[in-house]
Amino acid sequence: MAMTSSQIRNTFLEFFQSKHHHIVPSAPIVVKDDPTLMFTNAGMNQFKEVFLGNMPAKFNRIADTQKCLRVSGKHNDLEEVGYDTYHHTMFEMLGNWSFGDYFKQEAIDWAWELLVDVLRIDKDRLYVTVYGGDKSDGLERDNEAYTYWKKHIAEDRILFGRKKDNFWEMGDTGPCGPCSEIHADIRSESDRKAVDGKTLVNNDHPLVIEIWNLVFIEFNRLSNGSLTKLPAQHVDTGMGFERLTMVLQGKKSNYDTDIFQPLIQELASLAGLTYGADSQKDIAMRVIADHLRAVAFAIADGQIPSNNGAGYVIRRILRRAVRYGYTFLGFEEPFVYKLLSVLSNQMGSNFTEIVSQYELVSKVIFEEENSFLRTLSHGIRKFEQNIKSNPDQKIIDGNFAFELFDTYGFPIDLTKLLAKEKGLDVDLDGFQVKLEEQKNRSRKAAEVAAGDWVIVDNKSVKTEFVGYEASESISKIIRYRQVVTKKISYFEIVLDVTPFYAESGGQVGDTGVLLDGGESIEIFNTLKENNLIVHLSEKIPQNVENEFIAKINTSRRTKIVTNHSATHLMHAALRSVLGTHVEQKGSLVDDERLRFDFSHFSKLTAEEIRKVERLVNGKIRENISAAIATEVPVDKAKEMGAMALFGEKYGDFVRVVSFDPTYSIELCGGTHAESTGQIGSFRIISESAIAAGVRRIEAVTGEFADTFIDHQLDQLQGVRDLIKSAGDVVKSTHQLIEQNHALQKQVEQLLNAKALEKANALLKTDILLGSIRFIETVMEEDGEFIKNVCGNMRSGQSNLIVSIGGKFEGKISLCLMITDDLVNLKNMDASKLIREAAKAILGGGGGQKHLATAGGKNLDGMDQSLEIIRKFVISCNS
RNA sequence: GGGGAAUUAGCUCAGUUGGCUAGAGCGUUUGACUGGCAGUCAAAAGGUCAUCGGUUCGAUUCCGUUAUUCUCCA
């Protein structure tokens, strides 16, 4: 009996626990505070700061399983997922780490012990690779690792690999080092006899696969490409959980393991199909099973689908799933969300967020599916219109295919499919050309070039933040670098001590100055980058080695602080008014306002908004002092009832901010007012939806709240003055609108009646010009009215031409009506004729053949215009 | 952050060299048929053509502004 996936996961963790590793929870799959990364894409992400030397390690030995998401990159492309047996968007990475503790020997010994002795993988099916060295880097092959491997495995199963496979780098610059991979050959006996497994290692064979990568971090790569030795050596390993499970469960595909099968089976039954019967449908089911996992975990960690950034990636993944379901499995209604219960049952015990966020995740997926199905039907309609208006085309224009894709979100492969059904081709080259153009445009707009850090003082590694208490400090520059984007060029400066708060947790970064004697350098923003506080300025001080006074803009900070505290009060108020399902999904606090996104499933009523405002303003008047506790163990903080956020990464010690521990208590690193009275007052200025199940509130405090109220009252007073009502303004305004509406109708009706009456009267004045009945008149009316009169004389009449001139407010208008029979039989054209006539009034005109209007400003020309028409009618008789 | 589009009745949408008194389907209301429901037929109500400005004799239509939404790329 093979182990279940969850037993395998536990075995891994228990094994490393027995080797004195500290087991930590998975970091959120959505990355915050790192501009270079949207999602956690490897197990080491949450330790990046340690490797970079920005933060000391809390433990020397750590192991965990990490939720990861990959949609693009050298090893993966979203469009490939589902077609083979082993590519995924979301996967788990099992890993063990040493931070300056054990190195190659233990890492290798334990990896072998776990795989062979504990998990009992047949060692005849294992191969290992070792770094073979590289001349351009001046590195020899990794003989050390080779020596340790020789103890466990036959020498002919140890392969030397190139830089591409066996030298790991975090990025273009930064920590790196050689690595050793363990590969497993799970082919059948006969296949193994026919072809030697070692020739297939690292050759993209689906059954000879890398399962574990042991990275030995010992160098740092500089931006000039050279390597320097790191002061301490680290181990960073990653083992693909899904692959390991496949090997241990004796399957040939990750999708056949008990990680994916429950999802696939549920999907098959929803679709009324059998998995394994049709390869195209199987692909679709794999795609959907994989993508559901990715989307569900991302949403549970707080990432709502949206139209840019990380949210856009999630949207694309979900839409790909819907697309496959729609095209290959016949789903025309939302279906992906129905699989969530299976996933929750499967993974909920290890990843509790999927259970606690269940309702939100389900709702968001459902709505997103719905909106995409709408997009699809738009696209199909657009496509059919194109086919209709180009009946002769053999090839769908690439520009049109791109327009469908770019503007209407209609996937290119669906365009291909629809075209095929009609026996048409699609100009894919033309499509690609347009797509490339767009990519280049975007890339150009987003280019950022960061220079190397210039180290000024390497004594201190980490910045000391003193901004909770102080607004200025005596500081030295540790390091700085220049960053060039398309629009601006600026410097990033790191200080040893700083009062500047770096943007995080929704609170914006501080602004201020660096002072050195007479020199003042303006800091326009402060950001956090890999846990480093980075001050942004357009200039760099002349003497970077001097001591500076670092001083924040305190009046701005005060406003930020009160808004942040108000956010906490409002968060608690929302939970009290709406219920405890309210959870923060996003927050922005600056000096002008606060914005707060939270889970809630319906629009707030006016009463609810008023209740929240009253509650918050009440707490402001109570003038509650802020109680801030630092270095609180995270478990204790949660015991105290502090609100923690899903998808937020917390250390072992946290900062707890409370305003009356029975009212508001939150884990928060931000800056706060000393007491709630400083907030002054609080007003909600808008409430809206930003996604299914997520609402957004914007609010103002202090003087901004006063201004807001003043403005509202001024407007109200303005309306009162206008309608001269001291009583119920809403009622009187409503009445006014109703009245206006009724009057409008009445005027319209009266004008119509008047026009009809005029028309009837005029009809009696017809004269015969030759054989044609002709009416000509002049009236003091505007163009709209005389047109109406003419229109009324058309129906039921024959052999009639009406010519009316109108004078109104210094403008001349003409209208000419020719009955349908004359138009048809004598080929008359009122539009052409009136254009001729309008020349006399220095204007233009036109219309249809039977009714045309013209206008001009030459009052003296009207008679002449009418004469032209009259003469034309006479000429028709001859 | 950079492009492309959309906004017309309660809802889903038509509306081309600028010019019919701006339409359809569904929904709503009323009436007829039926013992009632469902249904069928007939009729009616319902529009600032998102907003503000420009061009024009005339703008739902062309140009620009603002707002909102969709969408692709990064």
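Every chain is numbered from 1 and lettered A, B, ... according to where its sequence line falls, protein lines coming before strand lines. The shown structure was predicted, so the numbers you read here are calculated from the model rather than taken from an experiment.
Side chain to side chain, R683(A) and Q712(A) fail the donor-acceptor criterion of an N or O pair below 3.5 Å. A donor and an acceptor atom, one from each side chain of Q482(A) and S489(A), are located under 3.5 Å apart.
Using N1 to N3 plus N6-O4 or O6-N4 for Watson-Crick, or N1-O2 and O6-N3 for G-U wobble, each under 3.5 Å, rU61(B) pairs with nothing. Taking a pair to require two hydrogen-bonding distances under 3.5 Å in either a Watson-Crick or a G-U wobble arrangement, rG18(B) remains unpaired. Pairing for rG36(B) is absent, judged as Watson-Crick or G-U wobble with the two contacts each under 3.5 Å. Across every strand in view, rU28(B) sits in a pair with rA44(B) that passes the Watson-Crick or G-U test at under 3.5 angstrom. rC49(B) is unpaired under the Watson-Crick or G-U wobble criterion, no partner having all donor-acceptor distances under 3.5 Å. rU68(B) and rA6(B) make up a base pair, with Watson-Crick or G-U wobble contacts both under 3.5 Å.
Between the C1' atoms of rC57(B) and rU65(B), the separation comes to 26 Å (whole Å). Using atom C1' as the reference point in both rA6(B) and rG15(B), the two lie 16 Å apart (nearest Å). Taking the C1' atoms as reference points, rC13(B) lies 30 Å from rG54(B), given to the whole Å. rU8(B) and rU12(B): their C1' atoms are spaced 12 Å apart (whole Å). One P atom belongs to rU60(B), the other to rA9(B), and the distance between them is 15 Å to the nearest Å. For the C1' atoms, the distance linking rU17(B) with rU21(B) amounts to 24 Å, nearest Å. For the P atom pair drawn from rU16(B) and rA50(B), the interatomic distance equals 15 Å after rounding to whole Å. Spacing of P atoms, rA5(B) relative to rG64(B), comes out at 11 Å, to the nearest Å.
Between rG3(B), rU21(B), rU71(B), one nucleotide has an atom nearer to the side chain of L851(A) than all others, and that is rU21(B). The side chain of T375(A) lies closest to rU71(B), out of rC72(B), rU71(B), rU21(B). For N792(A), whose side chain is taken as the heavy atoms from C-beta onward, the closest listed nucleotide among rU21(B), rA5(B), rC72(B) is rU21(B).
A salt bridge does not link D406(A) with K434(A): none of the charged nitrogens is closer than 4.0 Å to a carboxylate oxygen. Note on E492(A) versus R481(A): salt bridge recorded, some NZ/NE/NH1/NH2 to OD/OE distance being below 4.0 Å.
The side-chain heavy atoms of K754(A) and E781(A), taken from C-beta on, include a pair separated by under 4.5 Å.
Surrounding CD of E687(A) are more than 12 heavy atoms belonging to other residues, nucleotides or ligands, all under 6.0 Å away.
Residue order along RNA chain B, read from the 5' end via each residue's closest nucleotide, puts S813(A) first among S813(A) and F405(A). Looking at which nucleotide of RNA chain B each of T853(A) and E403(A) is closest to, the 5′-most match is held by E403(A).
Between R381(A) and rC13(B), a side-chain N or O to OP1/OP2 separation shorter than 4.0 Å is present. Regarding contacts with the backbone of rU12(B), every side-chain N or O of H378(A) stays at 4.0 angstrom or more from both OP1 and OP2. Side-chain N/O atoms of R441(A) include none lying less than 4.0 angstrom from OP1 or OP2 on rG4(B). The side chain of K439(A) places no N or O atom within less than 4.0 Å of a non-bridging phosphate oxygen (OP1 or OP2) of rC72(B).
Between the side chain of R323(A) and the backbone N or O of L414(A), no donor-acceptor pair lies under 3.5 Å.
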Exercise for the section: Evaluate the salt bridge (charged side-chain N to carboxylate O under 4.0 Å, His left out) criterion for residues D597(A) and K585(A): first the C-alpha distance (whole Å), next the side-chain angles of each, then the deciding distance (0.1 Å), finally the verdict. Expected result: CA-CA 5 Å; D597(A) 302 339; K585(A) 290 292 162 202; over 6 Å; no
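Regarding I786(A), its CD1 atom lies at a distance of 13 Å from the P atom of rU21(B), rounded to whole Å. Counting to the nearest Å, the P atom of rC70(B) and the CZ atom of R319(A) are 9 Å from each other. Rounding to whole angstrom units, CG of residue D406(A) and C1' of rG4(B) are separated by 5 Å. Summarising the geometry, the separation between CZ on R315(A) and C1' on rA74(B) is reported as 16 Å, rounded to the nearest angstrom. Note: CD1 (I834(A)) to P (rC20(B)) measures 14 Å, nearest angstrom. Taking atom NZ on K807(A) and atom P on rC57(B), their separation rounds to 19 Å, with Å as the unit. If you measure from atom OH of Y408(A) to atom P of rU71(B), you get 13 Å, rounded to the nearest angstrom. Atom CZ of F410(A) is separated from atom P of rA5(B) by 19 Å (rounded to the nearest Å).
Using a 4.0 Å heavy-atom distance criterion, G783(A) is classed as making no nucleic acid contact. Among the protein residues, G791(A) comes within range of no part of the nucleic acid, since none of its heavy atoms lies under 4.0 Å from any strand. As judged by a 4.0 angstrom heavy-atom cut-off over every strand, G847(A) is placed among the base-contacting residues. Residue contacts for R316(A): at a heavy-atom cut-off of 4.0 Å it reaches the sugar-phosphate backbone alone, with no base atom in range.
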